[in-house]
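Here the structure comes first, spelled out in structure tokens, and everything after it is commentary.
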Amino acid sequence: MAIVFFVRSKNANILRPPLSSIAGSTVDQAPNKITFFEWLTPLVASGKKTITIRDESESHYVPGTRVDVHTLEKDEYVCQIDIVSVEKIGFDDINEEHAAQEFIPLEELKPLIREIYPNDQDFYVITYTLVA
Ligand SMILES: CC(=O)Nc1ccn([C@H]2C[C@H](O)[C@@H](CO)O2)c(=O)n1
């Protein structure tokens, strides 16, 4: 059983859970590394690509945390990103807006996701910002 202590916000007279226990993932346990296919890393490092769509096993990133980006193939460090949000999405709901944020045409993005994850229906849109 998890016990969550509430703290009084400095800015408002409301009680909120401490940031370390929001959404079931704690900042302490948050992953601090993400890998991308090497061919995609220039898009991440230039700030052109601002989301990635992953399966449940790679969905445990925590908004507000900073993550090191490495290449999948050689595990080379590329840059850092700050996680903004992690939102569940069905494969059928992936649309042109996601494609623009992925910086990949939709007609390429959906087959790519299907190739990586042949059997999944549920995915997670991880939105991030490049750390300057
Ligand atoms: C291990 C693994 O699956 N790594 C992945 C998965 C996906 N991507 C990219 C490809 C697309 O841009 C989006 C959508 O899945 O994420 C990746 O770079 N590495």
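Start at 1 and go down the list; that is how both ligands and their atoms are numbered.
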Please tabulate, line by line, the atom pairs linking an N/O of ligand 1 to a protein N/O at a distance below 3.5 Å, with the distance in Å to 0.1, or answer 'none'.
unit_1, atom_1, unit_2, atom_2, d
ligand 1, 3 (O), Y117, OH, 3.4
ligand 1, 12 (O), K49, NZ, 2.8
ligand 1, 12 (O), E102, OE1, 2.8
ligand 1, 15 (O), I53, O, 2.5
ligand 1, 16 (O), T52, OG1, 2.8
ligand 1, 18 (O), F37, N, 3.0
ligand 1, 19 (N), R54, NH2, 3.4

State the OG1-CG distance between T50 and L130, to the nearest 0.5 angstrom.
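Between T50 OG1 and L130 CG, I get 10.5 Å after rounding to 0.5 Å.
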Is there side-chain contact between I81 and R66, with at least one heavy-atom pair below 4.5 Å?
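With C-beta onward as the side chain, the pair stays apart.
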Side chain to side chain donor-acceptor pair (under 3.5 Å): pairs with one or both residues in residues 34-48, sequence neighbours excluded
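For residues 34-48, and leaving out neighbouring residues, there are no side chain to side chain donor-acceptor pair (under 3.5 Å) pairs at all.
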Scan for salt bridge (charged side-chain N to carboxylate O under 4.0 Å, His left out) pairs involving residues 91-118, sequence neighbours excluded, and state none if there are none.
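Listed once each, the pairs are K49-E102.
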Would you call D75 and K33 a salt bridge, taking side-chain N to carboxylate O under 4.0 Å as the test?
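Salt bridge present between D75 and K33.
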Listed once per pair and sorted, the ring pair (Phe, Tyr, Trp, His ring centres under 6.0 Å) pairs that draw on residues 99-132, sequence neighbours left out
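Checked against ring pair (Phe, Tyr, Trp, His ring centres under 6.0 Å) - neighbours excluded - the pairs reaching residues 99-132 are Y117-F123.
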